[in-house]
Amino acid sequence: MGQILFLTGLQLFGVYFGLLFKRKIPFVFIVITGYLWGALIWVVGGTLLQILNIPFTVPGMASFFGLLALGIAVLHARKETWKSSKRELSLIFWAALVFVLVLLLASHFNFSIASPDSAVMIATGRRFTFEGFSPAIIEELSLRGVFLPQLQSASVLLGDDYLYAAQPAFGFTFLLAYFYLSQRILCQLGLNKRQVLVYTLLATLVLFTTYFIAFQFFYIHTNLISAAYLFVAVAGFWLASVEGVEDWLVVGILALMGFSLARTEAPLFALLFLVLVISADRVSYQIRLKTILPYLSSLVFWYLYLYWRMGEGTYILNPERTLLVIGSLAALALLVLLSAVKAIKRYLLPHLPRIMLGLLVLLLIFMIIQKTDHFRISIYGSIYNLLETGEWGLTWLVFSFLFVVSLTGPRMPGEELLLYGIASFFATLLAIVYFRVPYHTSWGDSANRMFTHILPIVILYVLMKAAHSLSIDTTSEEKATSN
Amino acid sequence: MVIENLKFFLLIFLAILGLVTLLAFKFREKFWKLFGSVLPLILGALFIYNILSYPSLNWFVIFPSYQGPFQRLPSNELISLYDVGSAEARIGWIYSLIEIYYPGKTLGVPEEVLDSLDLSPELLVTQGRLADVVTLEFDSELNDDQADQILGMEAVSIRLDDGNLYHFLTGETDPKSYLLLLKHGNQIFFVPEGLLPDEEVNL
């Protein structure tokens, strides 16, 4: 019972936080994604406590949440966002009730699945409470990221063995967020409501009945969490650029923070999408500074902390690679700062997506020449996983086909974010294998699990292209009729 | 779906893809109108395929010994997750279980038993939250009757990848009493001292 109350508490706290944006961000979105923000706040708060050597205990976390609630209350009072209508309150109530029901079901029908990674992450989370960020814990964090262990650490405070309902809660929230955001994006592309409903309903059904996605509702690992945050981030960035609502950028950045903390290599992927946001140049310079720089500096701080504490590091993150991540983050911060300079705005930003992808491809070619067999095994393993051993059914086969066909379709607003984002994601995924053992044929292979992050975005891209071409068609028909 | 010849399969895939892409270029407007209309049908078919193929896909191998369809765990305890909901449970996972069942206890174990199990005294203390691991001289090998008697007590069990079956006896005992590690064949027992009948083990 404690676990259900805890996770519902996170969901409600996330809503309480999200309401700060209710003037510009749809209320429904804030309510259905509450758990994403609540879990992120827990992870950031717990990590801060550990870094500051404050005991990670119930009073410690309660004080953190109390202080934060107070701060948020002050902001609510200032922005007058605390006022809620009866309809809004009832929506919060019903959303919480449904969330509780999902958690109750997940607790009663516990289908959790663990691999060795899951066991280590659960154990690491439990150890947080006893030994803080000891050298052994830092070693684990530099292997697997901080998000899931920090979330699982709550189990000790709750007196449970592990959080069995956390993963289904992420899956459920992701499903709702996917359905809602896809609808909103397709509406922006000019499709009528009935068509939008058919498209998004079917796409959501396909995505969430794909075996490997459904499996991850119960598999205790980082990938479904990463996929949820990355999708919300990318959708937020797209909406920010197309709707011109800067609060969507804040939503996107917060989601990108969740994504970046979930896995150690995630910031490299996050940077790709941020480069595309900067390159699109649709949000004001001031907002860019206010949102992207705090994100980058928090990550630099976190990786500096890891660098300082990690000693020799691990095969995934050693001091040299940590410096590489810090360098990349710092370089992007510099780009953000200089993005208002006329010459950069005029000559660099518009070409940045192509430059980025071109450099990645060049790097990849260089790497392939260096380690041909290594890449041959990895590419073969990845393709075979996508088609057969990765437990994706026909989903990747169909969507890789539709994706390539969609490339030839009429261009849509904000296309570069998705198109170059997807292409760069695959290029980076392939490039990082240079530094590790080759990808292999198994569903548990890292690359196969990381395809989870990008599949929702690939499906969204195909939907958007189809919707856009249909809406162009409808618009031209309407014009012809009126003429 | 079983792909026997990946190269041939990819060749066919690329050929069809090339053809469709060519059609997309040739009949721009008509193609995209058709694409928009056909996509819901493709999605619908894929959804039905996902549902119908579910049981056949739901049977795969994480590690050679593990075939893992969704299974409802018998309890919400970590040991059920390790035992039922996971790949072959590993010896290293013991520490989390020790931490849950015996926090703050002192483990008494004959030196040769600890060595034979590949358990680290250091990790038993740091990760397992035991107060200490001390070497005691006692006969830790149980006979059949003793093992049966202990198996009759309240306990949880898990088989690990070292082939041993581990039993964790639970129940209220004096916190200051030892936690003993006993053996019977390939069965390992973690038994709080107070739970043992007096004649079982002579320390």
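Reminder, nothing fancy here: chain letters follow the sequence lines and each chain counts from 1.
To the nearest 0.5 Å, the span separating CG on B/Leu81 from OG on A/Ser118 amounts to 7.5 Å. Atoms OH and CG, from A/Tyr164 and B/Leu73 in turn, are 11.0 Å apart once rounded to the nearest 0.5 Å. To the nearest 0.5 Å, atom OG1 of residue A/Thr441 and atom CG of residue B/Leu6 are 10.5 Å apart. To the nearest 0.5 Å, the span separating CG on B/Leu123 from CZ on A/Arg127 amounts to 7.0 Å. Taking CG from A/Leu402 and CG from B/Leu43, the interatomic distance works out to 8.0 Å, rounded to the nearest 0.5 Å. Rounding to the nearest 0.5 Å places CD of A/Glu131 at 6.5 Å from CZ of B/Arg129.
A donor-acceptor pair is defined here as one N or O able to donate and one able to accept, closer than 3.5 Å; no such pair exists between the side chain of B/Tyr49 and the backbone of A/Thr395. A donor-acceptor pair under 3.5 Å is absent between the side-chain atoms of B/Arg28 and the main chain of A/Pro410, judged by distance alone. A donor-acceptor contact shorter than 3.5 Å is absent between the side chain of A/Asp161 and the backbone of B/Ile79.
Contacts with chain B were tallied for A/Thr210, A/Val198, A/Val120; A/Thr210 has the most, counting heavy-atom pairs under 4.5 Å. Most heavy-atom pairs under 4.5 Å with chain A: of the set B/Asn76, B/Ile42, B/Leu78, this distinction falls to B/Asn76. Of the listed residues (B/Ser80, B/Ser96, B/Pro40), the greatest number of heavy-atom pairs within a distance under 4.5 Å of chain A belongs to B/Pro40. When each of A/Ala467, A/Gly444, A/Ser406 is scored by its heavy-atom pairs under 4.5 Å with chain B, the top score falls to A/Ser406. Among the candidates A/Asn110, A/Leu202, A/Val404, the residue making the largest number of heavy-atom pairs closer than 4.5 Å to chain B is A/Asn110.
If you measure heavy-atom distances from A/Tyr162 to chain B, the contacts under 4.5 Å come from the side chain alone. Of the two parts of B/Tyr95, neither the backbone nor the side chain holds a non-hydrogen atom closer than 4.5 Å to a non-hydrogen atom of chain A. Residue A/Ile459 does not touch chain B at all, counting heavy-atom pairs closer than 4.5 Å. Contact of A/Tyr219 with chain B is not made at all, since no heavy-atom distance falls under 4.5 Å. Contacts of A/Ile122 with chain B are made by side-chain atoms alone, with heavy-atom separations under 4.5 Å and no backbone atom involved. Proximity to chain B is limited to the side chain of A/Val398, based on heavy atoms less than 4.5 angstrom apart.
Between A/Phe401 and B/Val20, the closest side-chain pair of non-hydrogen atoms falls below 4.5 Å. With contacts defined as side-chain heavy-atom distances shorter than 4.5 Å, the pair B/Pro103/A/Phe130 does not qualify. Side-chain contact between A/Leu387 and B/Leu10 is present, with at least one heavy-atom pair separated by less than 4.5 Å. At a threshold of 4.5 Å between non-hydrogen side-chain atoms, the residues B/Phe35 and A/Thr408 do not count as touching.
Across all non-hydrogen atoms, the minimal contact from A/His108 to B/Arg72 is O-NH2, 2.6 Å. Listed here is the closest heavy atom pair of A/Ala119 and B/Trp93: CB-CE2, 3.3 Å. Shortest non-hydrogen contact noted between B/Ser37 and A/Tyr199 is N-OH, 4.4 Å.
Remark: B/Glu111 CD is loosely packed, at most 12 non-hydrogen atoms of other residues, nucleotides or ligands lying under 6.0 Å away.
Residue B/Phe47 is tested with A/Leu207, A/Leu205, A/Thr204 for a side chain to side chain contact (heavy atoms under 4.5 Å, CB included); the sole match is A/Leu205.
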